[in-house]
2 protein chains.
Amino acid sequence: MNDSYHHGDLRRALIEAAVEAIAEGGPGSLSLRAVAKRAGVSHAAPAHHFGDKAGLLTAVAAEGHERFADALERVWESTGDFAEVGVAYMRFAVDNRAYFATMFRPELLHEDDPELVRAAARSRATLYRGTGERDADGTERTYNPAALAAWSLVHGFTELLMGGNLAPEVGDDPEAALRDIGSWLRV
Amino acid sequence: MNDSYHHGDLRRALIEAAVEAIAEGGPGSLSLRAVAKRAGVSHAAPAHHFGDKAGLLTAVAAEGHERFADALERVWESTGDFAEVGVAYMRFAVDNRAYFATMFRPELLHEDDPELVRAAARSRATLYRGTGERDADGTERTYNPAALAAWSLVHGFTELLMGGNLAPEVGDDPEAALRDIGSWLRV
DNA sequence: CGAAAAAAATTGACACTGTCAAGATATCGC
DNA sequence: GCGATATCTTGACAGTGTCAATTTTTTTCG
């Protein structure tokens, strides 16, 4: 509990330091040693909690999926509008650059980490929720063309936006632009 | 021309070696020294042609945009069908993983490199071609909601596909799936 | 309470990386 | 042939991830 040798909750502190570092330079430029320094511990401390660099990024991605699912769920429950969920999708990416950028970079992660798999499945399920179609047993379908179209559109717009590939007039008010192009989708 | 000291066309050889390496491990894991070894030259040779690592990746991205624009143009001119251009978009990504993955990773590139800017503008112009809308002076519009919706949808689908985020039934025949979800777009 | 066991964090080393400066070698202009 | 220049190599440097060994703390339990 004291702050001499044992940190108390170093795992938490390392994740937070990692998120800060990712926000500054992207997940690809993350340095374990820099994260350790930021958290005030020795250079090899992170490895003890996460195994390796991919392990730390995996923890960040998993936490990102949880927060993502929370945000989407909140919007869906308060509005019941699928289009609003799409807008929340984009807004999460803008407001949580570090998490979002890490979540969709599989080559940096331990893809089969159970915690990550579970969190990713939850955020995916949230996305498909409310798109109507269900299988015979009542569970929501995982492949649903209309939902996949909407997901693709929102994800693509978001990726292009974050990569700076959109015209300035779009980037200045992305929310309006997204609602605009969303109306081109047949409901 | 001989192969002793001067290589002949080392720049070309390095780009090709880089593309091979990227195909294996993604643009983020590219090592200049490994590329140099692959091309059979010393570890510092690449820096002389490309300045730094980002310079080499920028050259790859620029060449990717050129090839991309070529592919899209070919399809547009032979079919005149915008939906076919979308399919070609995805197919290019699948068939040219290394180029595609590099093109849309701005944090690894010299974004204002003239060659890259020019090539990226060309591939973007090709995308917007044939979507109808024009400005008063006759040039195609850069912001066109319908075209942006289509671009977002195709790009998003492609990104999700390449990231392994789609259900197996989609990944097994992505072309059919893309045509399927494309029909959810109001023309 | 106190010793044994486990957990947490440190230290030091290793091979690898990008980048820079200095030197060596080839080609080109004249 | 000869100076200028482009091309490539060599050697060095700090920074990186990862591993093994060690030190320090906490927990377990008789």
In this structure, how many angstroms lie between the [atom2] atom of [N] and the [atom1] atom of [X], rounded?
{"X": "B/Asp52", "N": "D/dA14", "atom1": "CG", "atom2": "C1'", "answer": "17 Å"}
{"X": "A/Lys53", "N": "D/dT18", "atom1": "NZ", "atom2": "P", "answer": "8 Å"}
{"X": "B/Phe50", "N": "C/dG18", "atom1": "CZ", "atom2": "P", "answer": "14 Å"}
{"X": "B/Asp9", "N": "C/dA26", "atom1": "CG", "atom2": "C1'", "answer": "16 Å"}
{"X": "A/His48", "N": "D/dT23", "atom1": "NE2", "atom2": "P", "answer": "16 Å"}
{"X": "B/Leu56", "N": "C/dT17", "atom1": "CG", "atom2": "C1'", "answer": "15 Å"}
{"X": "A/Arg11", "N": "C/dA9", "atom1": "CZ", "atom2": "P", "answer": "12 Å"}

Exercise. Between CZ of A/Phe157 and CH2 of B/Trp151, what distance do you get to the nearest 0.5 Å?
Worked result: 11.0 Å

Problem set entry | Spacing of A/Leu153 atom CG and A/Leu178 atom CG [to the nearest 0.5 Å] | 7.0 Å

Do the charged groups of [X] and [Y] touch, with an N to O distance under 4.0 Å?
{"X": "A/Asp70", "Y": "A/Arg122", "value": "yes"}
{"X": "B/Arg105", "Y": "A/Glu107", "value": "yes"}
{"X": "B/Arg179", "Y": "B/Asp173", "value": "no"}
{"X": "A/Arg97", "Y": "A/Glu24", "value": "no"}
{"X": "A/Glu16", "Y": "A/Arg11", "value": "no"}
{"X": "B/Glu63", "Y": "B/Arg12", "value": "yes"}

Exercise. Hey, is the side chain of B/His43 pairing donor to acceptor with the base of D/dG11 inside 3.5 Å?
Worked result: yes

For this session: Look at the side-chain N and O atoms of A/His49 and state whether any lies under 4.0 Å from the OP1 or OP2 oxygen of C/dA9.
Result: yes

For this session: Measure from the ring center of A/His65 to the ring center of A/Tyr99 and say whether it is less than 6.0 Å.
Result: no

For this session: Could you tell me whether B/Ala45 contacts a base, only the sugar-phosphate backbone, or nothing, with contacts defined as non-hydrogen atoms closer than 4.0 Å?
Result: base

Exercise. Hey, what bend do you get for the helix from C/dC1-D/dG30 to C/dC30-D/dG1 if you fit axes on five pairs at each end, rounded to 10°?
Worked result: 10°

Exercise. Where along residues 28-38 of chain A does a heavy atom fall under 4.0 Å from DNA chain D?
Worked result: A/Leu30, A/Ser31, A/Leu32, A/Arg33

Seminar exercise, completed: Contacts of B/Gly51 and A/Ala44 projected onto DNA chain C by closest heavy atom; the upstream (5') one is A/Ala44

